[in-house]
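Working notes for the structure below.
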Amino acid sequence: MCELLGMSANVPTDICFSFSGLVQRGGKTGPHSDGWGLCFYEGKGCSVFRDPQPSYQSQIAQLLRSYPIKSEVVIGHIRQANCGEPSLANTHPFVRELWGESWSYAHNGQLKGHLELPYCVDQPVGDTDSEHAFCYLLGRLREHYPQKPQDMRELFSYVATLADELRSLGVFNMLLSNGEYLMVYCSNNLHWLTRRAPFSVARLIDEDLSIDFAKETTPDDVVTIIATQPLTHDEAWHKMEPGQWHLFHKGELVV
């Protein structure tokens with residue numbers, strides 16, 4: 001299956017270190033060689049980099065490993081295709097407009113019967129079950145909330161009920177964000193950790209690379225990383241339970 005990567009931070013932060021570990025799994029230390037993508041938010045705007053080539057061999061991925069794009073929310077994905085051929089149209093993350101905001105989404109898993117899921121305004125560009133499910137989610141949100149609700153926790157709680165429905169069709173691990181909040185839904189395999197002072201040294205599992213976060217941060221920084229499988233040694237990764245979901249805002253766990 002695919003692997004997910006997410007970040008929520010209270011200050012603009014780059015994801016170069018974590019992405020360096022994930023890249024290795026896209027064709028070197030893992031079989032996820034059917035494309036990759038990263039979405040970075042800056043205010044209401046977002047930059048999306050996607051490539052249907054294996055991340056381990058992608059020159060664009062190599063650029064992003066060394067170019068520190070700073071963002072408070074990042075969604076990433078490396079793909080092992082099971083529905084839809086390797087192509088740019090089928091590469092995550094997917095982005096759509098909702099209530100004047102850019103909503104991004106990435107999915108890990110496989111869904112049976114996804115073609116029976118209805119959608120309205122948002123339609124799939126590619127032919128993956130993942131993008132079809134995203135369009136379905138957005139359609140239900142538009143129907144349930146004609147205008148953006150004031151209570152974002154209520155909104156994401158409703159998304160969680162929709163995710164429960166999708167999980168009944170198969171495996172549905174998901175990252176979803178509007179650039180301010182980052183929602184994480186676990187069907188079978190997701191981990192997360194929060195880094196805050198006192199910061200320490202972390203070592204990647206997939207590459208001989210380490211970083212001393214005490215030299216790269218301030219005492220007030222809070223950064224949460226989400227990954228399908230832990231990316232580092234010697235850090236306290238939290239494994240989520242099936243059907244569990246979390247909501248992060250500026251690096252902090254709020255639900």
Side-chain angles (χ1 to χ4, degrees), residues 1-42 46-80 86 88 91-93 104 106-108 173 175 177 182 184 189-196 199-218 221-239 248 251:
M1 288 189 181
C2 311
E3 290 205 21
L4 302 171
L5 174 66
M7 184 189 78
S8 172
N10 67 339
V11 294
T13 304
D14 73 72
I15 201 167
C16 294
F17 179 69
S18 296
F19 184 58
S20 293
L22 187 74
V23 160
Q24 308 305 313
R25 299 178 183 180
K28 184 180 180 182
T29 62
H32 316 89
S33 58
D34 297 318
W36 65 274
L38 282 177
C39 176
F40 302 86
Y41 280 93
E42 182 178 349
C46 65
S47 296
V48 183
F49 298 84
R50 299 190 299 168
D51 188 350
Q53 301 300 314
S55 58
Y56 176 63
Q57 299 174 330
S58 169
Q59 294 186 13
I60 302 173
Q62 298 309 312
L63 169 66
L64 294 179
R65 288 184 61 185
S66 58
Y67 184 63
I69 298 176
K70 295 186 180 294
S71 176
E72 291 185 6
V73 176
V74 177
I75 285 183
H77 184 275
I78 54 174
R79 184 171 184 239
Q80 184 178 13
L88 189 60
T91 304
H92 308 222
S104 61
H107 164 236
N108 162 23
N173 301 296
L175 300 180
S177 180
L182 175 61
V184 183
N189 211 2
L190 271 178
H191 297 75
W192 64 276
L193 65 80
T194 298
R195 297 183 179 122
R196 63 175 81 240
F199 293 97
S200 59
V201 175
R203 292 186 301 122
L204 290 176
I205 292 173
D206 296 89
E207 186 177 19
D208 185 15
L209 182 65
S210 62
I211 187 171
D212 185 351
F213 284 110
K215 297 180 180 179
E216 306 292 334
T217 58
T218 73
D221 291 1
V222 179
V223 181
T224 291
I225 300 294
I226 299 97
T228 299
Q229 295 289 348
L231 294 167
T232 58
H233 297 283
D234 307 323
E235 290 192 289
W237 289 86
H238 306 281
K239 181 175 174 58
F248 297 94

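These numbers were taken from a predicted model, which means no experiment stands behind them.
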How far apart are the C-alpha atoms of S177 and L175, what are their side-chain angles, what is the distance that settles it, and do they pass the side-chain contact (heavy atoms from CB on, under 4.5 Å) test?
-> CA-CA 7 Å; S177 180; L175 300 180; over 6 Å; no
Dump the intermediate steps for side-chain contact (heavy atoms from CB on, under 4.5 Å) on F248 and V73, then the final yes or no.
-> CA-CA 10 Å; F248 297 94; V73 176; over 6 Å; no
So L4 and I226, side-chain contact (heavy atoms from CB on, under 4.5 Å) or not? Walk me through it.
-> CA-CA 8 Å; L4 302 171; I226 299 97; 5.9 Å; no
Determine, stepwise, if the pair Q53 / Q59 fulfils side-chain contact (heavy atoms from CB on, under 4.5 Å).
-> CA-CA 9 Å; Q53 301 300 314; Q59 294 186 13; over 6 Å; no
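Annotation: side chain to side chain contact (heavy atoms under 4.5 Å, CB included) contacts of S200 (sequence neighbours excluded): none. Take T194 and apply the side chain to side chain contact (heavy atoms under 4.5 Å, CB included) test, not counting sequence neighbours, and it matches W192, R196, V222, T224. Judged as a ring pair (Phe, Tyr, Trp, His ring centres under 6.0 Å), and not counting sequence neighbours, the contacts of H92 are H77, F94. S33 pairs by the side chain to side chain contact (heavy atoms under 4.5 Å, CB included) definition with P54, not counting sequence neighbours. Not counting sequence neighbours, the partners of V11 by the side chain to side chain contact (heavy atoms under 4.5 Å, CB included) test are T13, D221.
By the 4.5 Å heavy-atom criterion applied to side chains, I225 and L5 are counted as neighbours.
Here CD1 of I69 is found 8.0 Å from CG of L38. Values are rounded to the nearest 0.5 Å. Atom CD1 of residue I75 and atom CG of residue L182 lie 5.5 Å apart, to the nearest 0.5 angstrom. To the nearest 0.5 Å, the span separating NZ on K239 from CG on N189 amounts to 4.0 Å. For the atom pair C2 SG and I78 CD1, the distance stands at 8.5 Å (nearest 0.5 Å). In this structure, S55 OG and I60 CD1 are separated by 11.5 Å, a value rounded to the nearest 0.5 Å. Residue F17 holds its CZ atom at 6.5 Å from OG1 of T232, rounded to the nearest 0.5 Å.
Side-chain N or O atoms of S58 include one that pairs as donor or acceptor with a backbone N or O of A61 at under 3.5 Å. In this structure a side-chain-to-backbone donor-acceptor pair under 3.5 Å is missing from H233 to R203. In terms of modelled atom types and a separation under 3.5 Å, the side chain of E216 and the main chain of D212 share no donor-acceptor contact.
Identified under the ring-ring contact (aromatic ring centres under 6.0 Å, His included) test for residues 55-76, with sequence neighbours left out: none.
For F49 against W36, the heavy-atom pair with the smallest separation is O-CZ3, 3.9 Å. Minimum heavy-atom separation, E3 to T228: CA-OG1, 3.3 Å. Across all non-hydrogen atoms, the minimal contact from G21 to D206 is O-CB, 3.7 Å. The nearest pair of heavy atoms linking A9 to V223 is CB-CG2, 4.0 Å. Looking at every heavy atom in both residues, P230 comes nearest to I205 through O-CD1, 3.3 Å. Across all their heavy atoms, N10 and E72 have their closest contact at O-OE2, 3.9 Å.
Between K28 and E207, no side-chain nitrogen of the basic residue sits less than 4.0 Å from a carboxylate oxygen of the acidic one, so the salt-bridge criterion is not met.
The local environment of CD in E42 is sparse, with at most 12 non-hydrogen atoms from other residues, nucleotides or ligands closer than 6.0 Å.
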